[in-house]
Amino acid sequence: MSFNQRFGILFDMGTAISITFFPTIRNIWQNPSLLVRPASLQKAIMANIWANGFGEGVNEGAQVVKETLITPNAFGIVLDVGAGHGHTLRFLDPSKVTKYIAVEPNTKMHSSIRAEGEKHAIPVEILACGIEELDASVLQVDTVVCVLTLCSVHDLEKCVSILYGLLKPDQGSVLLAYEHVKSKDATAVWWQKFWNPIWGGLFDNCRLDVASLDLMKSAFPWKQATVGMREGDHVCDLFVHETGLFVRA
């Protein structure tokens with residue numbers, strides 16, 4: 001691994017801190033109880049990072065991938081897991097999508113999701129919960145979208161099982177994933193684990209070494225399961241991105 005592959009993450013963390021510092025100080029000034037509610041403080045930090053430029057930068061960096069993966073494949077009722085600011089709405093085809101359901105526990109992001117829905121003329125429903133709270137007995141969808149989300153869940157196997165259950169069986173329903181994942185290089189994995197505590201503190205428990213799409217592919221008898229590394233990424237990068245197209249049998 002090169003020096004930049006090991007330590008380039010410091011630039012990203014520095015950018016995130018500079019973006020979130022003053023807005024978060026303002027949040028604490030307005031609501032001092034955040035200091036004794038670390039989970040709420042972490043969500044405020046993440047919301048400020050995403051709202052003040054970082055989220056747009058990440059979205060732009062993945063634009064080609066999303067246009068290739070999401071736009072031609074998403075249809076019907078679309079469930080966006082960890083929706084953030086609702087950027088997925090920009091890549092949905094309104095002629096094929098009947099409803100957009102955003103799963104986003106961070107309520108500070110909900111106003112941005114509604115604004116995106118109005119802009120793109122797609123009906124929006126927001127669920128202020130995590131994946132673990134979704135119930136397949138009352139919710140069935142045609143498309144599940146996971147964009148940089150599975151890196152933050154607490155029980156990956158349980159969440160993957162829930163997402164599979166939400167897909168309508170025998171109707172060509174699809175799960176579309178774009179995630180940064182565990183490297184296949186042992187040295188890179190060591191550095192991913194090294195940076196996890198600091199990175200996760202800034203980015204709401206995000207972990208760098210989650211083999212999410214490998215688990216997704218092996219866990220169920222998909223009709224089709226296609227996983228590939230993003231063009232331009234290298235196995236020794238700390239952020240190795242993969243795309244996945246999964247069709248439920």
Side-chain angles (χ1 to χ4, degrees), residues 1-13 15-16 46 49-50 53-74 78-93 131 143-153 156 159-160 163 174-196 199-200 202-219 222 224-247:
M1 291 179 69
S2 68
F3 180 88
N4 186 58
Q5 285 172 319
R6 290 182 173 92
F7 297 103
I9 192 174
L10 289 171
F11 175 80
D12 293 326
M13 289 192 287
T15 300
M46 183 63 172
I49 290 173
W50 225 244
F54 206 97
E56 286 291 345
V58 171
N59 183 61
E60 290 174 7
Q63 181 172 342
V64 173
V65 172
K66 292 180 180 181
E67 288 174 343
T68 304
L69 177 67
I70 298 174
T71 306
N73 295 305
V78 175
L79 184 79
D80 189 8
V81 181
H85 284 176
H87 289 158
T88 293
L89 280 156
R90 303 178 186 181
F91 301 94
L92 299 179
D93 182 346
I131 299 172
T143 306
V144 170
V145 176
C146 298
V147 175
L148 304 179
T149 296
L150 299 177
C151 52
S152 300
V153 301
L156 181 61
C159 289
V160 167
L163 294 179
V174 295
L175 189 151
L176 310 172
Y178 170 65
E179 299 284 344
H180 65 77
V181 298
K182 183 178 181 179
S183 173
K184 302 296 193 293
D185 178 82
T187 301
V189 171
W190 188 93
W191 282 99
Q192 287 178 325
K193 293 181 182 297
F194 175 82
W195 289 116
N196 267 343
W199 182 262
L202 272 176
F203 288 91
D204 204 10
N205 296 313
C206 172
R207 290 164 295 150
L208 306 178
D209 61 335
V210 179
S212 53
L213 298 198
D214 284 348
L215 175 62
M216 186 84 70
K217 185 175 183 178
S218 63
W222 301 99
Q224 175 186 344
T226 305
V227 175
M229 185 186 298
R230 183 180 70 173
E231 185 177 353
D233 283 9
H234 189 276
V235 69
C236 290
D237 292 339
L238 285 180
F239 293 94
V240 179
H241 297 82
E242 290 182 342
T243 60
L245 169 61
F246 304 91
V247 181

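If you read the sequence from its start, that first residue is 1, and numbering goes on from there. Here the structure is a predicted model, which means the values were calculated and not measured.
Distance check, rounded to the nearest 0.5 Å: OH of Y178 to OG1 of T88 gives 12.0 Å. The structure places CG of L215 at 5.0 Å from CG of L156, a figure rounded to the nearest 0.5 Å. Interatomic distance, NZ of K182 versus CG of L208, reported as 12.5 Å (0.5 Å rounding). The OG1 atom of T68 sits 10.0 Å away from the CZ atom of F91 when rounded to the nearest 0.5 Å. For the atom pair CD1 (I9) and CG (D237), the distance works out to 11.5 Å, reported to the nearest 0.5 Å.
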*Stepwise side chain to side chain contact (heavy atoms under 4.5 Å, CB included) test for L176 and L245*: CA-CA 5 Å; L176 310 172; L245 169 61; 3.2 Å; yes
*Between V144 and V81, does a side chain to side chain contact (heavy atoms under 4.5 Å, CB included) hold up when you go through it step by step?*
CA-CA 7 Å; V144 170; V81 181; 3.9 Å; yes
*Could you go step by step and tell me if E231 and V65 meet the side chain to side chain contact (heavy atoms under 4.5 Å, CB included) rule?*
CA-CA 9 Å; E231 185 177 353; V65 172; over 6 Å; no
*side chain to side chain contact (heavy atoms under 4.5 Å, CB included) between L92 and T143: does it pass, once the steps are laid out?*
CA-CA 11 Å; L92 299 179; T143 306; over 6 Å; no
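Inter-residue side-chain proximity for D214 and K184 is flagged as met; some heavy-atom pair is nearer than 4.5 Å. Residues L148 and H241 have side chains in contact (heavy-atom distance under 4.5 Å, counting atoms from C-beta outward). Residues E179 and M216 fail the side-chain proximity criterion, which asks for heavy atoms closer than 4.5 Å. Between V78 and V145 the shortest side-chain heavy-atom distance falls below 4.5 Å. Between I131 and L150 the shortest side-chain heavy-atom distance falls below 4.5 Å.
Aromatic ring orientation, F246 versus W222: tilted (interplanar angle from 30° to 60°).
Side-chain atoms of Q192 come within 3.5 Å of backbone N or O of S183 as a donor-acceptor pair.
Taking all atoms of both residues into account, the shortest heavy-atom contact from V227 to K217 is CG2-CD, 4.1 Å. Taking every heavy atom of both residues into account, S212 and V181 meet most closely at OG-CG1, 3.7 Å. Contact record, S152 with F203: OG-O, 4.3 Å, taken as the closest heavy-atom pair. Of all the heavy atoms in C206 and H180, the pair that sits closest is SG-NE2, 3.3 Å. For the pair W195 and R6, the tightest heavy-atom approach, listed with the atom from each and the gap, is NE1-O, 2.9 Å. The two residues D233 and R230 come nearest to each other via the heavy atoms OD1-NH2, 3.0 Å.
Here the rule is side-chain contact (heavy atoms from CB on, under 4.5 Å) with L238, and of W191, W199, F7, F194 only W191 fits it.
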